[in-house]
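Here the structure is a predicted model, which is why all the values come from computation and not from measurement. Here is how names work: the chains are called A, B, and so on, in the same order as the sequence lines, proteins then strands, and each is numbered from 1.
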Number of protein chains: 2
Amino acid sequence: MTDPLARQPGYALRRAANAMMGELAARLSPLDLRISDASVLMLIARRKDASSSEIGRILDIKRANMAPLLARLEAAGLIRREPIDRKSMAILLTAAGESRLAETDRIIEQFERDLLARIPEEHRDHLLPALNALWR
Amino acid sequence: MTDPLARQPGYALRRAANAMMGELAARLSPLDLRISDASVLMLIARRKDASSSEIGRILDIKRANMAPLLARLEAAGLIRREPIDRKSMAILLTAAGESRLAETDRIIEQFERDLLARIPEEHRDHLLPALNALWR
DNA sequence: CCGGTTTTGGTATTGAACATAGCAATTCCC
DNA sequence: GGGAATTGCTATGTTCAATACCAAAACCGG
């Protein structure tokens, strides 16, 4: 039952990302947040007054996909929009958004710790720089 | 424009896998193969006479998703099915499947080489074991 | 300060990968 | 022999991401 494709970094990357996303989605679901919701919330907090297109540019989420995502977060009362000019809108966390974000941060931190713990320590510190070399 | 989330291994894993899949899909599209098509072809060649449920078990593709995938490969003339008993079917490569697989192998090999080349060499050899620790 | 270009926010739609629920037939195994 | 598990499959839903297109506002060179 051993998988002969597991020697290929590309395949391993796909499988690892998949397993990771599945587990993270499960841990976030009690908060009623999808993975991309959580990443947007975290970014908003670190980049106050960013417009939706700015957020999309940083996280690589297309405008078309950002619109329904933000609509969902707004409907959930986690963010509000404030006009910057007659075209752009600043995305801000509401009080509810702040507290949801705090829960999110706790979950994510624990998750990242658990993730790293699974990696043999001689490889551990190499993962982040290796991954970042693949997309940044 | 720097992305503050890039310090998190989970986020970096998602972004790296995403970038990788996008590029691989582009390289495979001249062959009219999706990524999962290619992985199934490669597995069939290494595990002759495997049934569809066996392949699914190894690659972690659910029965429900394997059915249309194999139907596509069969319609493209790349595989054929041969009864093992009155319930199970062996999945075999046709001649066209063999030659398509050869092209696939060339593309994948080059792709994996390019992937690794992007990683600073001091991290390179750690990627595969680190990733495999996350799902195997 | 005018007018073409770019940016912004949005809708509608599509594709790929993956998941669950259910079904009929066959095989497994006590 | 018969209940339990396995196999192949349909139908359907979810999540993420992409394309095409739109109107309005902002930007910027002449």
Trainee: Write down the distance between CG (A:Asn65) and P (D:dT15), rounded to a whole number of angstrom.
Mentor: 14 Å
Trainee: Rounding to an integer number of Å, can you tell me how far A:Ile79 CD1 sits from C:dG9 C1'?
Mentor: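 Distance, rounded to whole Å: 13 Å.
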Trainee: Which part of the nucleic acid, if any, lies within reach of A:Met89 when heavy atoms closer than 4.0 Å are counted: base, sugar-phosphate only, or nothing?
Mentor: sugar-phosphate
Trainee: What protein N or O atoms touch nucleotides 25-27 of chain C N or O atoms at under 3.5 angstrom, if any, and at what distances?
Mentor:
from	atom 1	to	atom 2	distance (Å)
C:dT26	O2	B:Lys87	NZ	3.0
C:dT27	OP1	B:Arg86	N	2.8
C:dT27	OP2	B:Arg86	NH2	3.4

Trainee: What is the nucleic acid contact for B:Arg72, judged by heavy atoms within less than 4.0 Å: base, sugar-phosphate only, or nothing?
Mentor: nothing
Trainee: Rounded to the nearest 0.5 Å, what separates atom CZ in B:Phe111 from atom CG in B:Leu116?
Mentor: 10.0 Å
Trainee: Among D:dC9, C:dT8, C:dC18, which nucleotide sits nearest the side chain of B:Arg63?
Mentor: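 Looking only at heavy atoms from C-beta outward on B:Arg63, the closest nucleotide is D:dC9.
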Trainee: Applying salt bridge (Lys or Arg N to Asp or Glu O under 4.0 Å) as the test, list every pair that has at least one member in residues 113-122 of chain A; sequence neighbours left out.
Mentor: A:Glu23-A:Arg118, A:Arg27-A:Asp114
Trainee: Cluster question for you: counting only ILVMFWY and a side-chain heavy-atom cut-off of under 4.5 Å, with indirect links fine, are B:Ile58 and B:Leu92 together?
Mentor: no
Trainee: Can you measure from CD (B:Glu103) to CG (B:Leu28) and round to the nearest 0.5 angstrom?
Mentor: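 Result: 11.0 Å between the selected atoms.
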Trainee: Once you round to the nearest 0.5 Å, how far does CD1 of A:Ile55 lie from CD1 of A:Ile61?
Mentor: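 So the gap between those two atoms works out to 8.5 Å.
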Trainee: Can you find a heavy atom in the side chain of B:Val40 that is under 4.5 Å from one in the side chain of B:Leu70?
Mentor: yes
Trainee: Is the ring pair A:His126/B:His126 parallel, tilted or perpendicular, if the boundaries are 30 and 60 degrees?
Mentor: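 The arrangement is parallel - the two ring planes meet at less than 30°.
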Trainee: Looking only at the side chain of A:Ser52 (C-beta and beyond, no hydrogens), which of the listed nucleotides C:dG9, D:dT7, C:dC18 gets closest?
Mentor: C:dG9
Trainee: When you look at CZ of B:Arg7, are more than 12 heavy atoms from neighbouring residues, nucleotides or ligands closer to it than 6.0 Å?
Mentor: no
Trainee: Taking atom C1' of D:dC16 as reference, at what distance in whole Å does atom OH of B:Tyr11 sit?
Mentor: 13 Å
Trainee: Is the phosphate of C:dA19 approached by B:Lys62 (side-chain N or O, under 4.0 Å from OP1 or OP2)?
Mentor: yes
Trainee: Please check this pair: side chain of B:Ser51 against backbone of B:Glu54, looking for a donor-acceptor N/O pair closer than 3.5 Å.
Mentor: yes
Trainee: Mind checking salt bridge (charged side-chain N to carboxylate O under 4.0 Å, His left out) for B:Arg15 and listing every partner two or more places apart, or none if nothing turns up?
Mentor: A:Asp60, B:Asp3
Trainee: For the pair made of CG in A:Leu69 and C1' in C:dG9, what is the distance, rounded to whole Å?
Mentor: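 In whole Å, C:dG9 C1' lies 14 Å from A:Leu69 CG.
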Trainee: Give, ordered by number, those residues of residues 24-41 of chain A having at least one heavy-atom distance below 4.0 Å to an atom of DNA chain C; if nothing qualifies, reply none.
Mentor: none
Trainee: If I take atom CH2 in residue A:Trp135 and atom P in nucleotide D:dA17, what distance separates them, rounded to the nearest angstrom?
Mentor: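 Interatomic distance, CH2 of A:Trp135 to P of D:dA17: 12 Å.
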Trainee: Check this for me: does any side-chain nitrogen of one of B:Arg81 and B:Glu74 sit under 4.0 Å from a carboxylate oxygen of the other?
Mentor: yes
Trainee: Answer yes or no: does a side-chain N or O of B:Ser53 lie under 4.0 Å from OP1 or OP2 of D:dG8?
Mentor: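 For B:Ser53, the contact criterion (side-chain N or O under 4.0 Å from OP1 or OP2 of D:dG8) is met.
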Trainee: With the threshold set at under 4.0 Å for non-hydrogen atoms, list the residues of residues 12-21 of chain B touching DNA chain D in residue-number order.
Mentor: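 Residues of residues 12-21 of chain B under 4.0 Å from DNA chain D: B:Arg14, B:Asn18.
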Trainee: Distance check, rounded to the nearest 0.5 Å: A:Leu5 atom CG versus B:Leu43 atom CG?
Mentor: 6.5 Å
Trainee: Hey, does B:Leu41 have a side-chain heavy atom less than 4.5 Å from the side chain of B:Ile79?
Mentor: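 When only atoms from C-beta onward are counted, B:Leu41 and B:Ile79 do touch, with a gap below 4.5 Å.
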Trainee: Quick check on the helix from C:dC1-D:dG30 to C:dC30-D:dG1: what's the angle between its two end axes, five base pairs per end, to the nearest 10°?
Mentor: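 About 40°, once rounded to a multiple of 10°.
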Trainee: What is the distance, rounded to the nearest whole Å, between atom CD of B:Glu74 and atom P of D:dG8?
Mentor: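 Nearest whole value for this atom pair: 13 Å.
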Trainee: Rounded to the nearest Å, what distance is computed from the CD1 atom of residue B:Ile61 to the P atom of nucleotide C:dA17?
Mentor: 9 Å
Trainee: Nearest-Å distance, CD1 (B:Ile55) to C1' (D:dT6)?
Mentor: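 Roughly 16 Å, once rounded to whole Å.
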Trainee: Evaluate the salt bridge (Lys or Arg N to Asp or Glu O under 4.0 Å) criterion for residues B:Glu82 and B:Arg80: first the C-alpha distance (whole Å), next the side-chain angles of each, then the deciding distance (0.1 Å), finally the verdict.
Mentor: CA-CA 7 Å; B:Glu82 206 164 85; B:Arg80 66 195 164 82; 2.9 Å; yes
Trainee: Less than 4.5 Å apart, any side-chain heavy atom of B:Ile108 and any of B:Leu24?
Mentor: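 Touching, per the 4.5 Å side-chain cut-off.
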Trainee: Starting at the 5' end of DNA chain D, which residue's closest nucleotide do you reach first, B:Ala90 or A:Asp60?
Mentor: B:Ala90
